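Bear in mind the structure is a predicted one, so any value in this text is a computation, not a measurement.
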Amino acid sequence: MCMKLSDFDLNLMRVFLTVYRFQSITVAAEVLDLTQPGVSGALKRLQNQLGQQLFVRDGRGIAPTHLAHEMARQIEPALELSRTR
């Protein structure tokens with residue numbers, strides 16, 4: 001999972017974390033003021049960049065994979081820090 005930061009869209013992280021928090025594309029879309037297809041597309045782009053799946057279907061919703069848990073644990077503090085500056 002090695003990539004250059006300059007090739008990475010940090011807005012995808014915001015979408016990822018919102019989906020992660022709510023475990024719902026619908027709710028994430030509402031919170032982010034985006035469409036459901038927009039959120040789904042952002043997740044697909046991120047998953048393509050990573051080469052791994054971040055969420056799996058779980059009944060009527062979605063559940064984070066192990067990778068998603070690890071990413072959220074590492075990324076959330078950095079994004080929170082960037083919001084306070």
Q: Taking all heavy atoms of L46 and all of F16, pick out the closest pair and write down the distance.
A: CD2-CB, 3.6 Å
Q: Looking at every heavy atom in both D58 and A63, which two are closest together, and how far apart are they?
A: CB-CB, 3.8 Å
Q: Tell me the closest heavy-atom pair linking A42 and V15, and the distance in Å.
A: CB-CG1, 3.9 Å
Q: Apply side chain to side chain contact (heavy atoms under 4.5 Å, CB included) to R45 and L12, showing your working.
A: CA-CA 8 Å; R45 284 193 306 279; L12 297 178; 3.7 Å; yes
Q: Can you name the side-chain contact (heavy atoms from CB on, under 4.5 Å) partners of Q53, sequence neighbours left out?
A: Q47, V56
Q: Taking side-chain contact (heavy atoms from CB on, under 4.5 Å) as the test, write out the residues that go with I62, two or more places apart.
A: V19, I25, F55, R57
Q: Among Ile, Leu, Val, Met, Phe, Trp and Tyr joined by side-chain contacts under 4.5 Å, find the other residues sharing a cluster with V27 and list them by chain and number.
A: F22, V31
Q: Using the side-chain hydrogen bond (donor to acceptor under 3.5 Å, both in side chains) rule, collect all pairs that involve residues 25-38, keeping only residues at least two apart or in two chains.
A: T26-Q36
Q: Enumerate, atom names and distances included, each donor-acceptor pair closer than 3.5 Å involving a side-chain atom of residues 68-78, sequence neighbours excluded.
A:
residue : atom : partner : partner atom : Å
H69     : ND1  : Y20     : OH           : 2.7
E70     : OE1  : R73     : NH2          : 2.8
E76     : OE2  : R21     : NE           : 3.0
E76     : OE2  : R21     : NH2          : 2.9

Q: Which ring-ring contact (aromatic ring centres under 6.0 Å, His included) pairs, counting each pair once, include a residue from residues 27-53, with sequence neighbours left out?
A: none
Q: Restricting to pairs with a member in residues 29-49, which pass ring-ring contact (aromatic ring centres under 6.0 Å, His included), not counting sequence neighbours?
A: none
